[in-house]
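Each ligand, and each atom within it, is numbered from 1 in the order the structure gives.
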Amino acid sequence: MTDALRTDRCHDAPAGLKDLIAFEAEQHKAGLTGITWPTEYGGHGLTLREHLEANREIGLSPMPNAVNSIGKELAGPIIMAVGTEAQKLDYLPKILQMDEIWCQGFSEPGAGSDLAGLRTRVERTADGWVVNGQKIWTSGASKSQRCLLLARTGKPEDRHKGLVLFAVPINRPGLEVREIRSIDGQKSFCEVFFNDVVVDEADMLGAPDEGWAAATRVLSIERATNRMYRAWRFQSEMDHLIAACRSDARAFAILTSYRRDLAQLRVEVEMLKGQVETLVGSLLAGKEIGPRGSFPKLYWSEAHQRFAQLAFEVVSRFPANAGPALRDARIRMEDIYLSSRAETIYAGTTEIQLDIIAKRILNLRKAA
Ligand SMILES: Cc1cc2nc3c(=O)[nH]c(=O)nc-3n(C[C@H](O)[C@H](O)[C@H](O)COP(=O)(O)OP(=O)(O)OC[C@H]3O[C@@H](n4cnc5c(N)ncnc54)[C@H](O)[C@@H]3O)c2cc1C
């Protein structure tokens, strides 16, 4: 990994998109992505155990976040679950080799937590299927080649019925991507507008009424197994902060005033690792994990957000004439603080995870 890619150094010239794509393609060649995907689709044909082992190493290393995480963590598993053989052979190797970056077109201005309220329509016409509507918060759409679109064939009142998934090429006429600038200064997510966009039947994933079942079935497993590296990345961020503070007695004195909170967070990192390992064990034993996939998402996002707040407070108090180790840590912890604000929102908000656990694990339905 070149110095420009390391997230534990501040850079005058940070790595650009081309470098990040090349790095991710190399990661695949090195056996670090597509670990459980079948070899005939470009994967490495191994088990979730090896996936977990690789994720430990990825988490402990200061690697940049993946550019094509939607392709690998969401689109890929959906294609494997409902795609035709021709679709699997076509789409899957391109995802792993970084020839096609994917984005997820699910959320809309009036449909986030209540995804079944989405209104984007797709109609069968003599020219093919035609899409009209708007998506929002579409991460990475401006650098993607395909959009995993969830749209409806009927009326909004049909809710979960009549939802269909398409693999839409981003360069189709009538499809417009507008970037949104977020608080960290990045243009990481976008609005996507569909005005009479024609999509091919060959790019439909699953049957016209299968969209909801396919999306939710895969999402419950993915919520548990995606980004498994996060527990270990959390640990390495904490270790980075502590190591940087050790380089300067003034910073170390600031850090030690947070020692109880840091000790508590370290315990939570271990709890999180335990949750991930337990879920992997269940999946390897062929057990259904269903709503238990909400545990690591909820636990990680809440604990990591508290760590990010603490780290931000510590680095904000660093002396003005801090040396390079403290400067690197300050830049990294500020980035972590800003991006952590969204962690309790995306992939299902904290309130939605609590609702899933209350209803589906504790069987506590709302009183009438
Ligand atoms: C960084 C980031 C990246 C994202 N990337 C993508 C992407 O690539 N593709 C995509 O499709 N979407 C993406 N999203 C959108 C994300 O999935 C939604 O933001 C999320 O589902 C919440 O929807 P919403 O923003 O419409 O908020 P709302 O659903 O309007 O929720 C607002 C508040 O109300 C609460 N709430 C809502 N319903 C209930 C309920 N029933 N009970 C209790 N409380 C409730 C929520 O918890 C939240 O606090 C991204 C979001 C973020 C922040």
**Q** Could you list which atoms of ligand 1 come closer than 4.0 Å to a heavy atom of Gln104?
**A** 7 (C), 8 (O), 9 (N), 10 (C), 11 (O)

**Q** Considering only protein heavy atoms, which is closest to atom 13 (C) of ligand 1, and at what distance to one decimal place?
**A** Trp137 O, 3.0 Å

**Q** Take atom CE of Met238 as the centre, draw a 6.0 Å sphere, and report whether it contains more than 12 heavy atoms from other residues, nucleotides or ligands.
**A** yes

**Q** With respect to Ser113, determine whether any N or O atom, backbone or side chain, lies less than 3.5 Å from an N or O atom of ligand 1.
**A** yes

**Q** Going by a strict under-4.0 Å cutoff (protein heavy atoms only), does atom 50 (C) of ligand 1 have a neighbour on the protein?
**A** yes

**Q** Can you find a non-hydrogen atom of Ile352 under 4.0 Å from ligand 1?
**A** yes

**Q** Answer yes or no: is there an ion pair linking Glu268 with Arg306, defined by an N-O contact shorter than 4.0 Å?
**A** yes

**Q** So how far is it from Arg365 CZ to Asn363 CG, rounded to the nearest 0.5 Å?
**A** 6.0 Å

**Q** Does atom 31 (O) of ligand 1 have any protein heavy atom closer than 4.0 Å?
**A** yes

**Q** Using a strict cut-off of 4.0 Å, indicate which atoms of ligand 1 neighbour a heavy atom of Ala342.
**A** 1 (C), 53 (C)

**Q** Can you establish whether the number of heavy atoms outside Arg119 located under 6.0 Å from its atom CZ is more than 12?
**A** no

**Q** How far is atom 52 (C) of ligand 1 from the closest protein heavy atom, and which atom is that?
**A** Tyr346 CB, 3.7 Å

**Q** For atom CZ of Arg250, is the number of surrounding heavy atoms from other residues, nucleotides or ligands below 6.0 Å larger than 12?
**A** yes

**Q** Is atom 46 (C) of ligand 1 touching the protein, meaning some protein heavy atom lies under 4.0 Å away?
**A** yes

**Q** Specify side chain, backbone, both or neither for Thr349, according to which of its non-hydrogen atoms lie closer than 4.0 Å to ligand 1.
**A** side chain

**Q** For atom 2 (C) of ligand 1, which protein heavy atom lies nearest, and how many Å away is it?
**A** Phe189 CE2, 3.4 Å

**Q** Run Gln97 and His28 through side-chain hydrogen bond (donor to acceptor under 3.5 Å, both in side chains) and show every step you take.
**A** CA-CA 7 Å; Gln97 290 154 12; His28 177 57; 5.7 Å; no

**Q** Report the nearest protein non-hydrogen atom to atom 24 (P) of ligand 1: residue, atom name, distance rounded to 0.1 Å.
**A** Gly112 CA, 3.9 Å

**Q** Give the atom numbers and elements of ligand 1 that come within less than 4.0 Å of a heavy atom of Glu351.
**A** 43 (C), 44 (N), 46 (C), 47 (O), 49 (O)

**Q** Yes or no, since that's all I need: does a protein heavy atom fall within a distance strictly under 4.0 Å of atom 8 (O) of ligand 1?
**A** yes

**Q** Which of parallel (below 30°), tilted (30 to 60°) and perpendicular (above 60°) describes Phe307 and His304?
**A** tilted

**Q** Between Tyr346 and Trp137 (judged by ring centroids, cut-off 6.0 Å), do the two rings come close enough to count as a pair?
**A** no

**Q** Give me the nearest non-hydrogen protein atom to atom 17 (O) of ligand 1 as residue plus atom name, then the distance to 0.1 Å.
**A** Ser107 OG, 3.4 Å

**Q** Which heavy-atom pair separates Phe106 from Leu118 by the least distance, and what is that distance?
**A** O-CD2, 4.3 Å

**Q** Just how far is it from atom CG of Asp209 to atom CZ of Arg152, taken to the nearest 0.5 Å?
**A** 10.5 Å

**Q** Starting from atom 5 (N) of ligand 1, find the nearest protein heavy-atom neighbour and note its residue, name and distance.
**A** Ser139 OG, 2.7 Å

**Q** Rounded to the nearest 0.5 Å, what separation is found between the CG atom of Leu163 and the CG atom of Leu149?
**A** 10.5 Å

**Q** With heavy-atom distances below 4.0 Å as the criterion, list the atoms of ligand 1 near Ile345.
**A** 19 (O), 20 (C), 53 (C)

**Q** State whether the shortest distance between N or O atoms of Thr138 and N or O atoms of ligand 1 falls below 3.5 angstrom.
**A** no

**Q** For Glu85, look at atom CD and say whether over 12 heavy atoms of other residues, nucleotides or ligands are found less than 6.0 Å away.
**A** yes

**Q** Please check whether Phe106 reaches ligand 1 - meaning an N/O of the residue sits under 3.5 Å from an N/O of the ligand, judged on distance alone.
**A** yes

